[in-house]
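Below is one structure, written out as structure tokens, with a few remarks after it.
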Amino acid sequence: MREWSDSVQQYPQDNAANYVNGRFDPEAAEALRARYRQQTELQARLAAEARTIAQRHKPHGVK
């Protein structure tokens, strides 16, 4: 029996992350992951900006 890490490298069809909508498509899977990463980074930047605005407008003496 082959080792799992060897399997993913030598046989990409064994990697479930390479399937999009039930079809083997590693390029589309990578594009989907990249889009998800971009959305996550954007959400993090927007959340940081919202925290900054909230802190700037917080009334004095309130913790």
Side-chain angles (χ1 to χ4, degrees):
M1 182 158 240
R2 61 185 184 228
E3 189 67 34
W4 184 81
S5 60
D6 295 336
S7 171
V8 172
Q9 291 172 354
Q10 293 175 353
Y11 305 99
Q13 66 274 18
D14 287 352
N15 186 352
N18 286 331
Y19 285 81
V20 176
N21 294 327
R23 291 186 12 213
F24 178 71
D25 192 351
E27 291 85 17
E30 181 57 37
L32 191 62
R33 287 189 293 269
R35 199 168 356 146
Y36 179 73
R37 259 190 315 275
Q38 285 176 335
Q39 287 176 335
T40 304
E41 291 168 1
L42 176 62
Q43 276 303 119
R45 283 195 307 269
L46 292 174
E49 184 179 344
R51 281 192 304 275
T52 302
I53 291 170
Q55 290 225 324
R56 220 180 279 156
H57 292 68
K58 183 171 63 171
H60 294 285
V62 176
K63 288 188 178 186

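Just so it is clear, the model here is predicted, and its values are computed rather than measured. Starting from 1, each residue takes its place in the sequence as its number.
The side chain to side chain contact (heavy atoms under 4.5 Å, CB included) check on Arg37 picks up Glu30, Arg33, Ala34, with sequence neighbours excluded. A search for side chain to side chain contact (heavy atoms under 4.5 Å, CB included) contacts involving Phe24 returns Pro12, Gln13, Asn18, Tyr19, Pro26, not counting sequence neighbours.
Of all the heavy atoms in Ala17 and Ala29, the pair that sits closest is O-CB, 3.2 Å. Taking each heavy atom of Asp25 and Val20 in turn, the nearest pair found is O-CG2, 4.1 Å.
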Just list the side-chain donor-acceptor pairs under 3.5 Å for residues 39-57, sequence neighbours left out, or say none.
unit_1 : atom_1 : unit_2 : atom_2 : d
Thr40  : OG1    : Tyr36  : O      : 2.8
Thr52  : OG1    : Ala48  : O      : 2.9
His57  : ND1    : Ile53  : O      : 2.9

